[in-house]
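Step one of this worksheet: look at the structure below.
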Amino acid sequence: EEEEEEEERFKEKSRVTKKVGKAVVVDPAPNVNVANLALARRHHPGGGGGGGGRGGGGGDDDDDGRTRGGEGDALVVVPKSDVAAANVEAFLEPNAQVLMTNATYEQMNAKVEGPEHPDLKRRDRRRARNHHMGFVQTVNVDSFAFDAQYNTQMQMQQQEQREQQQERGKRGGGGGDRSVSGKSATTNNNNNNNNSNWSAKTVYDMTKKERREKRNEALMEVAASFGGIGDDGNEGDAIGDTNGAWAKSPGPKRDVMKKSELSREQKEYLEWHAKRNDAKRKARGKLGDAGRDDDDVVCAAGKNKNKEGGDEDADEVELKRRQQAAKTKFHGEEEFKYDGSSWLAKPKALKSRSDRCYMPEKVTKQWIAHGKGVSHLEFFPNSGHVLLTCGMEGVAKIWDSGDENNKFKLLRSYTGHAKAIKAGRFTPNDGSMFATCGWDHKVRLWDTETGAVVRTVSSGKTPLCLAFHPQKSNILLVGQSDKKIVQYDMQSGDVVQEYDQHLGGVNSIAFCDGGKRFASTSDDKTLRAWEFGIPVTMKYVADPLMHSMPSTKMHPGGDYLACQSLDNSIKIYSTKDRFREKRNKSFMGHQNAGFACEIAFSPDDGKYMASGDGDGRLFFWDFKTGRKMKTFKAHDKVCITLDWHPLLASRVSTGSWDGKVKVWD
């Protein structure tokens, strides 16, 4: 009877409750707000009421019967006020499949508290990932502070790795124990004591003495770890001598027979062999009529006799001759920086000022670069952090131009030409090497970093211009005074091809279409276009009114070729339209008759064009409109060469026969 009364009260409260399977459908009474109702799980005892045939009497083994009328839990509709005070932690169960409680907005968006399983993959964390290692946050840090922290951290990591290697060596034991004793052990103890002092300093705070001591200690640790130092502090007494930093030489060099030990027949054979090699090299164009070039290593027998009649050592004579032929000197502070990078490495702080170029306003730096005049200057490709200048005294120099303060210090000089240098070119893209040609009939390929002469070639004629292939840095085209363009493979020094259809000395060469074609100008007052590798003229441009064009420059877009004509004008030819002259683009106003003044374009797709003239003036034009924008009195003598900085868009450098180099910004 009590159960029936309870069921009647429940029916009066919820009016009608229909159970269909496991879902509950509620028909609320009139004037009842559904938003104030909630579902709750209540314990329902077994017995009759709402059971039907299967639910009455409670079925212990029938789950459906227990849900409908048997003993167990059931879903009921109750006011929200009854649920508010209940325990709301049930919905936090990780294994729950159905949310049985109305969670609030604050509860659903609350932060995750407590420990998190490392293998748990949360959706919000996957969405927040912007890197394969997690979430990377952008922070503005000063470049100097970042470099100091980064290099100091790397230094500390390297020191920690060395200490770990020493600990592993000490734990090795037995015959393979690599622990250090004697002098080296004392050095390691001093290192450990000094680490506490150095750990508080950055790489910029350390003095030169401290950096030198730290480098020496690192070398001692490496040598000790490989057993390069014995118990008495001497080299070569410990195990692992062949692998250490002070390892011995693999073996004595093979004995070479000196020329004084040769018989008369052997000397005659060497002399005949040297003459035959000279004839072959001369036939291939690698040796001119003037004689053997500086890079030949074969010495004819019988030429190096002193007054007493004895023969000098051929190796010593050859070494002296090489040293006299080509010299280099480093003028900077140090060839390698603290992080191991070379002096030629691009500075990290050098960045482009703006995407738009501006014309310079005034002179910011000037100095005397060469005593007998400047014949050519060129910035380093893509970065412009160093400046190459070629002088008429036969010396090429590299200057530091990557400093915003315009210091322009001399870094390295290259001496190897007996006469004035006519032109110079960096290898495209990397600038690891550069070529120079001079009036001494030599073309030299230099290593920019070390200053060594990589290759020297000569055909016996005067080279007038140079051009590297834009895709193949080992291919060099040389325009000569004998009306020929010679194509060299600088890896072997051989002549690969000759282009010989000009009727005068070749003054300029310019590549276009990514190296598929190139154009050349000559003293015969013509312009010729060539297919690369084919010695036949593809396009021949000549006119009775044309003048000689001793200097040319390709537009950065590659569509136009600017030619410095000796009628005091600059002519423009279209490379896409079979090298037709653009008569609507003609730049005038300067006096360049009789001088091969160079041309330069601004790096922002050639918006501005600049040129010098015979009176030492510097001119700027708008390339699109042809209007003259600015004019400066740059030098006392002819302004023969200039170049635009590739990154610092308003910086232009000029050179003159007065020996001065000026920087305009």
Side-chain angles (χ1 to χ4, degrees), residues 247-329 394-395 414-419 421 433 435-447 450-463 474 476 478 480-482 484 486-498:
K248 290 184 178 180
S249 175
K253 295 183 178 180
R254 186 175 58 181
D255 294 335
V256 180
M257 183 178 293
K258 297 182 179 180
K259 199 161 51 174
S260 58
E261 302 174 357
L262 300 177
S263 62
R264 185 173 59 85
E265 291 80 5
Q266 291 174 338
K267 292 180 181 180
E268 291 177 356
Y269 174 76
L270 287 179
E271 185 175 358
W272 168 82
H273 187 72
K275 290 181 179 180
R276 188 182 67 169
N277 285 346
D278 288 347
K280 289 182 178 180
R281 291 166 63 86
K282 189 181 299 183
R284 288 184 295 177
K286 297 175 62 176
L287 186 65
D289 298 333
R292 188 185 307 274
D293 60 276
D294 295 334
D295 276 359
D296 288 327
V297 295
V298 181
C299 293
K303 292 184 180 180
N304 297 322
K305 293 184 178 180
N306 53 20
K307 295 181 180 180
E308 288 78 9
D311 294 339
E312 297 181 1
D313 191 353
D315 297 335
E316 296 179 358
V317 173
E318 180 63 25
L319 180 60
K320 292 179 181 179
R321 186 173 62 85
R322 282 176 174 270
Q323 293 176 351
Q324 294 176 358
K327 296 180 181 179
T328 182
K329 183 179 179 181
V395 180
Y414 309 82
T415 305
H417 287 278
K419 296 183 180 180
I421 298 178
M433 294 181 288
T436 57
C437 63
W439 295 96
D440 58 352
H441 305 171
K442 307 292 183 185
V443 178
R444 294 185 182 274
L445 184 65
W446 304 82
D447 189 299
T450 63
V453 179
V454 180
R455 184 73 61 185
T456 300
V457 293
S458 176
S459 63
K461 305 299 179 181
T462 303
N474 63 311
L476 178 66
V478 180
Q480 300 182 151
S481 60
D482 62 346
K484 293 182 180 180
V486 182
Q487 179 179 329
Y488 288 100
D489 185 355
M490 298 307 289
Q491 290 183 350
S492 60
D494 296 333
V495 177
V496 181
Q497 188 61 269
E498 287 186 356

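Heavy atoms only: backbone and side chains are in, while hydrogens, waters and symmetry mates are out.
Side chain of T462 to backbone of S481: no donor-acceptor contact under 3.5 angstrom is found. For the pair D489 (side chain) and Q491 (backbone), a donor-acceptor distance under 3.5 Å is present. In terms of modelled atom types and a separation under 3.5 Å, the side chain of D440 and the main chain of A418 share a donor-acceptor contact.
Across all their heavy atoms, P463 and C437 have their closest contact at CG-CB, 3.5 Å. Closest of all the heavy-atom pairs between S458 and H441 is OG-O, 2.7 Å.
With sequence neighbours excluded, the residues forming a side chain to side chain contact (heavy atoms under 4.5 Å, CB included) with M490 are L445, R455, V457, L476, Y488, listed by chain and number. Not counting sequence neighbours, the partners of R276 by the side chain to side chain contact (heavy atoms under 4.5 Å, CB included) test are W272, H273, K280. By the side chain to side chain donor-acceptor pair (under 3.5 Å) test, T328 pairs with R412, sequence neighbours left out.
The aromatic rings of Y414 and W446 sit perpendicular to each other, their planes meeting at more than 60°, with 30° as the lower class boundary.
Salt bridge absent: K267 and E271 never bring a charged side-chain N and a carboxylate O closer than 4.0 Å.
The distance from atom CG of D482 to atom CD of E498, rounded to the nearest 0.5 Å, is 8.0 Å. With rounding to the nearest 0.5 angstrom, the OG1 atom of T456 is 8.0 Å from the NE2 atom of H417.
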